[in-house]
Amino acid sequence: MKIRKNVFSTNTAITAWSFAMGLAGICAAAPIETVPWNGHVGAVSFTFDDALENQVQNLKPILDEMSDVHVTFFLTNMGNGLQKNAAGFAALAKAGHEIGNHTDTHAHLSGISNNSELEKEIVTFADKIESVMKENGAKVRVTSLATPFCENNDQVSAVINTRHFINRDCGWHGRNEWDVEPKWLSIQAKIWTRSGATVTEMLSSLDTAAFIGDFSNANPWDVSVKGGSWLVVLNHGVTDDTGDDYAINPADIKKLFQHALENDLWVAPFGTIGAYHRAHFIVDKAEKTETENGYTVKWDIPNEHMPESVPLRVKIDTKSVDEKAVVEQDGKILKSESDGTYIIEFMAKALTVRKPKDGEDNPQDSTIALAKAPQINRDYTKFTLFDMNGNNLGSINGFAVPARFPKGTYIIRAEAKGLSPKIVKVQSR
């Protein structure tokens with residue numbers, strides 16, 4: 001959407017708002033709307049397969065240094081990798097990184113027709129990972145899997161589904177769009193190999209996920225890019241050994257992490273973003289049930305193997321109840337964030353919006369804090385907002401479009417002494 005300041009007048013806005021409110025009783029809009037990608041312009045999950053020692057040796061120091069980056073390690077016992085490197089991966093788990101399942105022997109799953117054999121590779125090994133991590137001091141719940149060799153079929157997916165809520169395969173660009181529900185047991189990923197990709201190409205993929213660039217003249221065989229998306233990246237080793245085609249240099253993976261953060265992408269584990277994405281398709285369709293002093297909203301959990309906690313950043317219709325309406329989950333009053341959104345717990349399966357009780361005046365001292373607020377690059381000191389026609393809309397305070405501007409696509413120019421200007425295309429929410 002292209003917009004200029006003088007196109008959307010105050011009177012027009014008030015008229016449109018009044019008309020929408022007049023229709024509220026006729027067209028019951030969904031009371032909850034999940035904020036895409038936790039308030040970021042897009043998302044990325046870096047995944048690392050095979051339980052390799054060089055991942056612990058060379059990647060862990062980088063991750064320890066970059067506290068805003070959390071990744072996924074898909075473990076296998078091929079080459080005794082799980083057992084040999086258990087302590088290192090347990091330490092990574094305790095630091096907030098996801099531990100997933102890459103099967104016991106790294107088998108060609110589509111070539112196995114015996115269900116009991118598949119269950120041994122997938123289900124039994126998931127239990128084994130949790131047990132080994134516990135022995136090394138890390139409480140881990142394995143909820144995601146990555147198919148070896150990206151081989152999958154209906155029988156394999158059915159067994160995966162008995163123990164995991166999501167699975168990563170491979171394929172092409174590795175992007176997932178916000179409002180297009182993917183195949184949860186066959187999430188596509190962009191594969192890194194030295195011979196098949198370049199660091200420049202991977203940086204470009206991170207730009208595409210952040211919706212930076214002009215996609216109006218994209219090749220017709222490319223998947224349409226309509227906004228920020230979730231990029232899944234498949235990696236293996238992390239080493240300077242150029243003879244390992246599947247490995248990436250430590251300096252290069254660090255460069256990719258840094259670029260993802262600079263683009264204001266949500267850099268989080270595969271299972272974390274996957275659960276957030278999957279939950280939004282449920283919550284955003286949930287209907288409200290009117291009560292004497294407000295309403296309740298209930299929903300179902302789509303898979304029993306979802307993570308124990310799935311925080312969602314959401315917009316909630318409170319104004320239709322009361323100017324000082326109270327939002328509750330499990331008897332706890334939720335405090336709104338500074339931008340008016342709320343952090344709710346999807347796994348609670350319900351929430352209530354009600355009028356404050358006499359003398360209560362919307363107390364917000366009992367809160368839950370579940371999700372991390374979007375990151376802002378603090379190195380830059382000056383931010384200028386432009387519309388897509390290049391019109392200067394004035395100074396703002398960061399890489400987010402203020403709520404006073406209509407929804408649409410904007411350009412933000414960030415500047416600071418000693419730094420090159422940064423140009424970012426963003427979607428207002």
Side-chain angles (χ1 to χ4, degrees), residues 45-67 69-109 117-150 159-160 162-168 189 192 232-241 244 246-248 250 253-254 257 267-272 274-275 305-309:
S45 293
F46 293 95
T47 67
F48 297 84
D49 292 3
D50 295 351
L52 300 174
E53 183 178 15
N54 61 38
Q55 293 168 354
V56 176
Q57 291 178 336
N58 300 329
L59 185 56
K60 186 177 183 299
I62 296 172
L63 294 171
D64 288 346
E65 177 187 337
M66 304 182 72
S67 60
V69 174
H70 291 91
V71 305
T72 298
F73 295 95
F74 286 115
L75 306 188
T76 175
N77 213 26
M78 174 184 63
N80 204 28
L82 169 62
Q83 300 289 352
K84 286 195 302 186
N85 303 304
F89 285 113
L92 285 160
K94 287 189 284 187
H97 304 286
E98 180 186 18
I99 301 299
N101 185 354
H102 201 40
T103 75
D104 186 4
T105 67
H106 203 276
H108 291 272
L109 298 180
E117 179 101 6
L118 284 173
E119 289 169 1
K120 181 180 177 183
E121 284 286 347
I122 295 168
V123 178
T124 304
F125 188 62
D127 296 337
K128 178 67 172 178
I129 293 172
E130 293 180 354
S131 174
V132 171
M133 290 296 101
K134 183 177 180 180
E135 291 170 3
N136 286 270
K139 181 182 178 182
V140 166
R141 184 164 179 258
V142 174
T143 63
S144 63
L145 183 136
T147 49
F149 310 103
C150 301
V159 175
I160 294 172
T162 65
R163 185 59 172 76
H164 310 76
F165 85 97
I166 195 168
N167 170 65
R168 192 215 68 204
W192 163 267
V232 181
V233 182
L234 192 167
N235 295 92
H236 290 85
V238 181
T239 172
D240 290 317
D241 178 6
D244 185 348
Y246 285 94
I248 188 169
I253 192 64
K254 184 175 182 179
F257 290 161
V267 188
F270 178 71
T272 300
H305 303 293
M306 297 277 283
E308 292 180 353
S309 176

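In what follows, every heavy atom counts, from backbone to side chain, and hydrogens, waters and symmetry copies are set aside. Note that the coordinates shown come from a computational prediction; the quantities given were computed from them, not determined experimentally.
Remark: of the listed residues T72, D49, T147, D49 is the sole one forming a side chain to side chain donor-acceptor pair (under 3.5 Å) with R168.
Between F125 and N77, the shortest heavy-atom contact is CZ-N, 3.5 Å. Counting all heavy atoms, side chain and backbone alike, G237 lies closest to N54 at CA-OD1, 3.4 Å. Minimum heavy-atom separation, P250 to N58: CG-CB, 4.1 Å. Residues A138 and A93 come closest through the heavy atom pair CB-CB, 4.1 Å. In terms of heavy-atom proximity, A275 sits nearest to M306 at O-CE, 4.0 Å.
In this structure the side chain of E119 never reaches within 4.5 angstrom of the side chain of T162, judged on heavy atoms. Between M133 and L82, some side-chain heavy-atom pair lies under the 4.5 Å cut-off. Looking only at side-chain heavy atoms (C-beta outward), W192 and H236 stay at 4.5 Å or farther from each other. In this structure, the side chains of L118 and L109 come closer than 4.5 Å at one or more pairs of heavy atoms. Side chains of K128 and Q83 form a contact here, defined as non-hydrogen atoms less than 4.5 Å apart. Counting heavy atoms from C-beta on, the side chains of P148 and H108 never come closer than 4.5 Å. Residues L59 and F257 form a side-chain contact, since some pair of their non-hydrogen atoms from C-beta on lies under 4.5 Å apart.
Note that the CG atom of L92 and the NE2 atom of H70 stand 10.0 Å from one another [nearest 0.5 Å]. N167 contributes atom CG, which lies 5.0 Å from atom CG of L145 (distance to the nearest 0.5 angstrom). Rounding to the nearest 0.5 angstrom, the gap separating the CZ atom in F48 from the CG atom in L234 is 10.0 Å. A distance of 8.5 Å separates NZ of K120 from OG1 of T105, quoted to the nearest 0.5 Å. Between the CD1 atom in I122 and the CD atom in E117 there is a gap of 10.5 Å [rounded to 0.5 Å]. R163 CZ to D127 CG: the interatomic distance, rounded to the nearest 0.5 Å, is 4.5 Å.
Every residue two or more places apart in sequence or in another chain that forms a side-chain contact (heavy atoms from CB on, under 4.5 Å) with A51 is listed here: L75, F89.
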**Report entry** Stepwise side-chain contact (heavy atoms from CB on, under 4.5 Å) check, T239 with Q57
**Finding:** CA-CA 9 Å; T239 172; Q57 291 178 336; over 6 Å; no
Requested in this report: Determine, step by step, whether N235 and Q55 satisfy the side-chain contact (heavy atoms from CB on, under 4.5 Å) criterion, reporting the C-alpha distance in whole Å, the side-chain angles of both residues, the deciding distance to 0.1 Å, and the verdict.
Outcome: CA-CA 10 Å; N235 295 92; Q55 293 168 354; over 6 Å; no
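Aromatic ring orientation, H97 versus F73: perpendicular (interplanar angle above 60°, classes split at 30° and 60°).
A side chain to side chain donor-acceptor pair (under 3.5 Å) check over residues 133-144, counting only residues at least two apart or in different chains, returns the pairs E98-S144.
At most 12 heavy atoms of other shown residues, nucleotides or ligands fall within 6.0 angstrom of atom CD in E53.
Side chain of T76 to main chain of T103: a donor-acceptor pair is present (N/O by atom type, distance under 3.5 Å, no hydrogens or angles).
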